[in-house]
Amino acid sequence: EQCELSIPKQGNRAEVVLKVLHRNFMGGDEFLGQISLPLQDFDVYEKPKAIVYPLQCKPGQKKTEYRGELEVKLGFTVKANESVGGSVSDLTKKNKGSISSLNKVAGNIGGSLLSLGSK
């Protein structure tokens, strides 16, 4: 499964809790286990990689039997902050039409076209 969640206001103190249930069509769903992923344990700029986590029992229970594992690949999309440096769409609106304006746009995004030719 794949989903997109926004980071809550509490920032890196937030956590994502994933619960695994066995769907039983004859009765209620059976709880198999859960994992809790504190966001402070992840680097938002790191490339997403799959990690296998052991399923845990419900909070407050101290059961130790094996519940299975869950493979999770967690990644972040970092968006530009309008107040810090504008957005990519702002760059496309500015300075259209010439090489000198292209150099200005490259300067806005922190690069130089001259450095590209020397590499």
From [atom1] ([X]) to [atom2] ([Y]), nearest 0.5 Å:
{"X": "Tyr53", "Y": "Leu18", "atom1": "OH", "atom2": "CG", "value": "9.5 Å"}
{"X": "Leu32", "Y": "Lys19", "atom1": "CG", "atom2": "NZ", "value": "13.0 Å"}
{"X": "Lys63", "Y": "Lys58", "atom1": "NZ", "atom2": "NZ", "value": "8.0 Å"}

Worksheet item: Quick one: are Leu37 and Ile35 in side-chain contact, heavy atoms under 4.5 Å?
Response: yes
Worksheet item: Does the side chain of Val52 come within less than 4.5 Å of Glu69's, by heavy atoms?
Response: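 With C-beta onward as the side chain, the pair touches.
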Which heavy atom of [X] sits nearest to which heavy atom of [Y], and what is that distance?
{"X": "Leu21", "Y": "Phe31", "result": "CD2-CA, 3.6 Å"}
{"X": "Pro59", "Y": "Gln34", "result": "CD-NE2, 3.2 Å"}
{"X": "Pro48", "Y": "Gly75", "result": "CG-CA, 3.7 Å"}
{"X": "Cys57", "Y": "Lys62", "result": "SG-N, 4.2 Å"}

Practice prompt. State plainly whether one hydrophobic cluster holds both Leu74 and Tyr45, where clusters connect Ile, Leu, Val, Met, Phe, Trp and Tyr through side-chain heavy atoms under 4.5 angstrom apart.
Written response: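 Cluster IDs for Leu74 and Tyr45 match.
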Worksheet item: Would you find a donor on one side and an acceptor on the other, under 3.5 Å apart, between the side chain of Arg67 and the backbone of Leu55?
Response: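 Side chain of Arg67 to backbone of Leu55, a donor-acceptor pair under 3.5 Å: no, none is there.
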Worksheet item: Can you check side-chain contact (heavy atoms from CB on, under 4.5 Å) on Arg23 and Asp29, steps first, answer last?
Response: CA-CA 5 Å; Arg23 175 68 36 114; Asp29 295 337; 3.1 Å; yes
Worksheet item: More than 12 foreign heavy atoms under 6.0 Å from CD of Glu4: is that the case here?
Response: no
